[in-house]
Amino acid sequence: MLTVRLASETDFPGWRQAARALRAQHIAPEEMLWTVDGSGAGLFGEAAPLPTENEPAFTVPRDFLDVAEMAILHRSDERFALLYRLLWRLAGEPHLLQVHTDPDVQKARGFAKAVGLAAHKMKAFVRFRLTAGPNGVETYVAWFEPAHRVTEMIAPFFARRFATMNFSILTPDVCVHWDTQSLAVLPGADPADAPREDTLEDYWRTYYASIFNPARLKVAAMQKEMPKRYWRNLPEARLIPDLIACAEGRTSTMVREAPSTPSSPLLSSRVVRAAQQASRDAPYDGQALTTLEEIHAGVQMCRRCDLYRDATQGVSGEGPARARMMLVGEQPGDQEDLAGHPFVGPAGRMLDKALAAAGVPREQTFVTNAVKHFKHELRGKKRIHKTPAAGEVAACRWWLENERRIVQPRVIVSLGATAALSVFGKPLAIGKMRRHALQLPDQAQGVVTYHPSYLLRLPDADAKAKAYALFVEDLKFAWSLAA
Ligand code: URA
């Protein structure tokens, strides 16, 4: 027996190099033992010959390499030998991979498919928890147990998606760390190393509850998509049994409480249907709306979270359908809720003043909010503003995304932290990130600045004047980017 000792369980380059050398030297699969450094297996075999300089070149189908690269991440101990046997057989059977009934081909393709599925599940079910990392830097940490060894393969996906976040994904196989510059891969961890609960848990639960549609519940299909083995790391999984149990009751309530059609003669029945569909039934990434009119109508009927219950009406964005710049606030205030237009109260007047000082014509911008209903509590007769919860922001983000897709602004200005959370999908420190052009996935540039209400609340005149000057500077900067 000859032994090949690979550097790790996922050492595809090592396997490939060894397999090439062995095949070139006509060493049959039956004579081979494949092991991984440190596994303790195969200690007694004689080491396989090393690759030499002048081995005869041979080619293999691209399809084989694609299958092998994935299949090697499978947890089966058989995978290295199976792939070498296929490589060996390819010399005499060049079309072997097309023989789908061949047991070796079937097995290798099955391994590759299972690995692809595990990668897909990892992308969908990793949940980060916010922690203070080294030197107090905000770090997002996730614990995950992938069905196969896909962590290193998937890590660049997370790095692209959360490029500006420090994060670690801990798994029993390996851990990956991203510090906004580079990815590091370290040995596997223990579940005890991962934080359990944080303030984002509520966010996930409210978000999940808001997109859960009882009328569409198919338990078997849902559990196939979200297998139980992943539940223990999903904050929202705790809700699932209750949501399933209540689904029937909720469906009949939904039918009973279906919002009535708005009577506005301006709305065509197509618009109304699209809006109803979007506001009640559509999943988060479901049917897209195509006009601002549909959004306006849909927001009136929105039941994505409970804020509609206490608000007079929904307030959608306003401005040209192709504005170069979009301004996103937090949510309508008391006056906006009554008037049905964004930024018309005290914060709106402050915004108008600053826009004028910055030379930005408001009528050329699209002004909207992260949350479309006024959240408040009653104190006596007064309606006092309450900051929307992260789950409410997440539930309402669907509307903002539709507005973004229709308007296609070059620049999106987030006024305050809630707007930034909705626009970027994660919390941002306004003071630190202002005066930067931040790339957004929809080709727009993002700028963050203060919320005008923050300026109104500052008690000290000096501090207020300073913050106002920065606010004007930010609006000027954003407008210059939009030009
Ligand atoms: N504050 C906001 O964020 N938006 C408004 O429309 C009004 C006040």
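Nothing here was measured: the structure is a model prediction, and the numbers come from that model. Positions are given from 1, in the same order as the sequence printed here. Numbering of ligands and ligand atoms starts at 1, following listing order.
- Taking every non-hydrogen atom of Gly333 and a distance limit under 4.0 Å, the qualifying atoms of ligand 1 come out as 7 (C).
- The Glu330 neighbourhood of ligand 1 comprises atoms 2 (C), 3 (O), with distances under 4.0 Å to a heavy atom of that residue.
- Ranking the protein heavy atoms by distance from atom 4 (N) of ligand 1 puts Asn369 OD1, 2.7 Å first.
- Atom NZ of Lys476 is surrounded by 12 or fewer heavy atoms from other residues, nucleotides or ligands within 6.0 Å.
- For the salt bridge (charged side-chain N to carboxylate O under 4.0 Å, His left out) criterion with Glu392, the lone passing option out of Lys375, Arg397, Lys386 is Lys375.
- The nearest protein atom to atom 5 (C) of ligand 1, hydrogens excluded, is given as Gln331 O, 3.3 Å; this is a heavy-atom distance.
- The residues Asp310 and Arg383 are annotated as not salt-bridged, no charged nitrogen and carboxylate oxygen being separated by less than 4.0 angstrom.
- Taking the six-membered ring for Trp and thresholds of 30 and 60 degrees, Tyr140 and Phe128 have ring planes more than 60 degrees apart, a perpendicular arrangement.
- Within ligand 1, counting atoms from 1 as listed, the ones closer than 4.0 Å to a heavy atom of Gly329 are 3 (O).
- The part of Glu336 lying near ligand 1 is the side chain, judged by heavy-atom distances below 4.0 Å.
- When atom types are taken as modelled, the side chain of Glu145 and the backbone of Thr171 share no donor-acceptor pair closer than 3.5 angstrom.
- Because its NZ or CZ atom is not both nearer than 6.0 Å to the ring centre of Trp178 and within 45° of the ring axis, Arg160 does not count as a cation-pi partner of that residue.
- Interface of His451 with ligand 1, defined as ligand atoms under 4.0 Å from a residue heavy atom, comprises 1 (N), 2 (C), 3 (O).
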